[in-house]
Amino acid sequence: MTPEGKRACVIGSGFGGLALAIRLQTAGVQTTVVEARDRPGGQAYHWRKNGFTFDAGPTAITDPAGLRELWLLTGHDMAADIELMPVAPSCRLMWPDGTMFDHSNDPRALQKEIARIEAADIAGYDALLSHATAACEEGYRRFATTPFLDAVSMVEAAPALARNQAWRSVYAVVSKHIRHEKLRQAFSFHTLAIGGNPLTTSAIYALIHALGQESGVWWPRGGTNRLVAALVRHFERLGGTVRLGDPVVKVHTLGTLVTEVETRGGWRERFHAVASNADVVHTYRDLLGDSHRGRQMARKLTRKRFSPSAFVVHFGLEGSWPGIPHHTILFGPRYEGLLKDIFEHGVLPQDLAIYLHHPTVTDPSLAPEGKSTFYALVPVAHLGKLAIDWQEVGPVLEQRILAEVSRRLIPDLADRIVTKFRYAPSDFLGDLNAHLGSAFSLEPTLTQSGWFRPHNRDDVIANLYLVGAGAHPGASIPGVAAGAKATAGLMLQDLAG
Ligand SMILES: Cc1cc2nc3c(=O)[nH]c(=O)nc-3n(C[C@H](O)[C@H](O)[C@H](O)COP(=O)(O)OP(=O)(O)OC[C@H]3O[C@@H](n4cnc5c(N)ncnc54)[C@H](O)[C@@H]3O)c2cc1C
């Protein structure tokens, strides 16, 4: 039997939802994506203001091959729908004492950067890269697309976890090989991009550095929103349907089967299979709350650790800054202390570490001529740890962030602002139904990864599936695209049965 002629619904149009929908539609499953918001993309939402384009979330595209595969399945060429531009340096790091470090996937350039800070660490870096490459091979290439449905699959992964010293943290493994504290930060901070604390996240996630080195960092011309638009165009070309601006309010079940999906607008349809790309707690608690399984899973999930949130200031400026790279991290005076404040103590720190996004240096089309688009992001504790009124605190934090960017990079920033707005943890909750306003769903700790993470297919409801940051393997565009492959494999197998 083939799955052709079967009907599937994907709730949510994040990268994971769209990647899954393309895979299903490619295999002949008539697929409908239902999205709550007026635009697709989920965390990769966008706004256009005063001629500026502001992309909301993801800014660094790594492993484009994982996305290209979605087109190759039907012999299409992704490049015909979206151009990916290389970004170099891949990221600049700046410390308060003026030290700078440019990440690059050119090994020679990277070696030079290491030598500028601590030549003795070059040999250690080679050993670290070997560790990260092995972790990438097993943790990403082998296991990210494999659904972990039972404890046996975890036992099978155990030797690989042991080989990669998965019980140690990324920071501990980096510190084993690298002596200089700034270089330790330079090679461990990457876990923040998936919501993980470098001090506690399993060393298997050193794979993020290796993946960046292998694939480089890319930018879709016109912005991340154009990549989302390209995925939607490709899905619709294959015959898929996208419904926007109509949140799902209920997933109906009968016994241990999902039967129908119902939206706020009153649309209600029957499907052979349903996959949720929406937040995992929202899915079980709100959409499946009438079922025993929904309530049981919601209880279980709300006891887990969730990743931090983020506070983002978007701003458009008069002028251009060819000397400010596409990606910059402005480290603050503390690393370990700041991470503890965010991940453990749940306080708003006095010092800031800022990620500055400057897409117009790569792609001037995101702003009117002679102007520049930026966003400045600080990781902050999620709403469960940091219960503050963001309406009140937001404007103050925005001022602190802009003042710091001004002090360190753009002295007359305040005079150059054409437009600005902010995005707070409460917006992640309100706009995306993200539990506790978390920006990356469940924290990627070892005990919340693999089999311990929500499964790509529900254990009880036989035709209910998950895809996206909250499910295996976890957050990031490569992560959710790999997860979509795992989920699609299960769905196509089940639908063919
Ligand atoms: C600020 C920020 C920066 C990031 N930077 C990077 C980066 O540079 N590189 C990278 O690879 N990753 C990055 N990430 C992570 C990456 O963006 C995410 O992990 C990924 O986009 C999540 O995709 P997803 O498939 O889980 O879906 P999401 O993006 O979470 O989308 C879920 C969708 O479900 C919809 N939905 C929710 N409830 C309902 C409902 N009831 N009915 C219908 N629809 C519903 C939502 O509206 C949303 O569209 C970043 C994340 C953030 C927040």
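Just follow the structure's listing: the first ligand is 1, and inside any ligand the first atom is 1. Count residues from 1 along the sequence.
Neither the backbone nor the side chain of Tyr45 has a heavy atom within less than 4.0 Å of ligand 1. No part of Tyr423 comes within 4.0 Å of ligand 1, judged by heavy-atom distances. In Ala310, neither the side chain nor the backbone holds a heavy atom less than 4.0 Å from any atom of ligand 1. Contacts between Asn433 and ligand 1, counted as non-hydrogen atom pairs separated by less than 4.0 Å, involve the side chain only.
Those atoms of ligand 1 that come under 4.0 Å of a heavy atom in Ala278, given as number and element, are 34 (O), 36 (N), 37 (C), 38 (N), 39 (C). The contact set between ligand 1 and Val34, taken as ligand atoms under 4.0 Å from a residue heavy atom, comprises 43 (C), 44 (N). Every atom of ligand 1 is numbered from 1 in the order shown, and the set under 4.0 Å from a heavy atom of Gly16 is 25 (O). Atoms of ligand 1 found under 4.0 Å from any heavy atom of Gly12 (numbered from 1 in listed order, with element): 33 (C), 34 (O), 35 (C), 44 (N). Taking every heavy atom of Arg37 and a limit of under 4.0 angstrom, the matching atoms of ligand 1 come to 47 (O). Per-residue contacts place Gly42 under 4.0 angstrom from the following atoms of ligand 1 (heavy atoms of the residue considered): 29 (O), 31 (O), 48 (C), 49 (O). Applying the 4.0 Å criterion to heavy atoms of Leu377 picks out, from ligand 1, the atoms 1 (C).
Using a 3.5 Å distance cut-off with no hydrogens or angles, the side chains of His357 and His326 do pair a donor with an acceptor. When only modelled atom types and interatomic distance are considered, Arg293 and Gln296 share a side-chain donor-acceptor pair under 3.5 Å. Using modelled atom types, one finds no donor on one side chain facing an acceptor on the other under 3.5 Å when comparing Trp267 with Asp246. Side chains of Asp102 and Ser104: no donor on one and acceptor on the other come within 3.5 Å.
The option with the heavy atom closest to atom 51 (C) of ligand 1, from among Glu35, Arg39, Gln43, His357, is Gln43. Of all the listed residues (Val248, Val228, Thr263), Val248 holds the heavy atom that lies closest to atom 42 (N) of ligand 1. Closest heavy-atom approach to atom 26 (O) of ligand 1 among the candidates Ala60, Ala475, Ala469: Ala469. Closest heavy-atom approach to atom 44 (N) of ligand 1 within the set Gly17, Pro478, Ala434, Ala36: this belongs to Ala36.
Each of Trp47, Phe421, Tyr423 was checked for a ring pair (Phe, Tyr, Trp, His ring centres under 6.0 Å) with Phe54, and the lone residue meeting it is Phe421.
Between the Asp351 side chain and the Gly332 main chain, no donor and acceptor come within less than 3.5 Å of each other. Within the 3.5 Å criterion, the main-chain N or O of Ala471 finds a donor-acceptor partner in the side chain of Arg453. Between the side chain of Ser309 and the backbone N or O of Gly437 there is at least one donor-acceptor pair closer than 3.5 Å.
Ligand 1 lies within reach of Phe428, whose nearest heavy atom is under 4.0 Å from it. A heavy-atom separation below 4.0 Å is not found between Tyr355 and ligand 1. Under a 4.0 angstrom heavy-atom cut-off, Pro247 registers as being in contact with ligand 1. Between Ile11 and ligand 1 there is a heavy-atom distance shorter than 4.0 Å. The closest approach between a heavy atom of Gly474 and any atom of ligand 1 is not below 4.0 Å.
Scanning all heavy atoms of the two residues, the minimum distance from Ser215 to Asn105 falls at C-ND2, 4.2 Å. Ser365 approaches Asp363 most closely through the heavy-atom pair OG-OD1, 2.7 Å. Taking both residues in full, the closest heavy atoms of Phe452 and Lys304 are given as O-NZ, 3.4 Å, listed atom of the first, atom of the second, then distance. Pairing each heavy atom of Val361 with each of Pro325, the nearest pair is CG1-C, 3.8 Å.
Ring geometry for Phe187 versus His103: interplanar angle over 60°, hence perpendicular rather than tilted (30 to 60°).
Taking the six-membered ring wherever Trp is involved, the centroid distance between the rings of His382 and Phe306 does not fall below 6.0 Å.
Inclusion of Thr59 in the set of residues having an N or O under 3.5 Å from an N or O of ligand 1 is warranted. The shortest N or O to N or O distance between Ala56 and ligand 1 is not below 3.5 Å. Residue Asn277 places at least one N or O, backbone or side chain, under 3.5 Å from an N or O of ligand 1.
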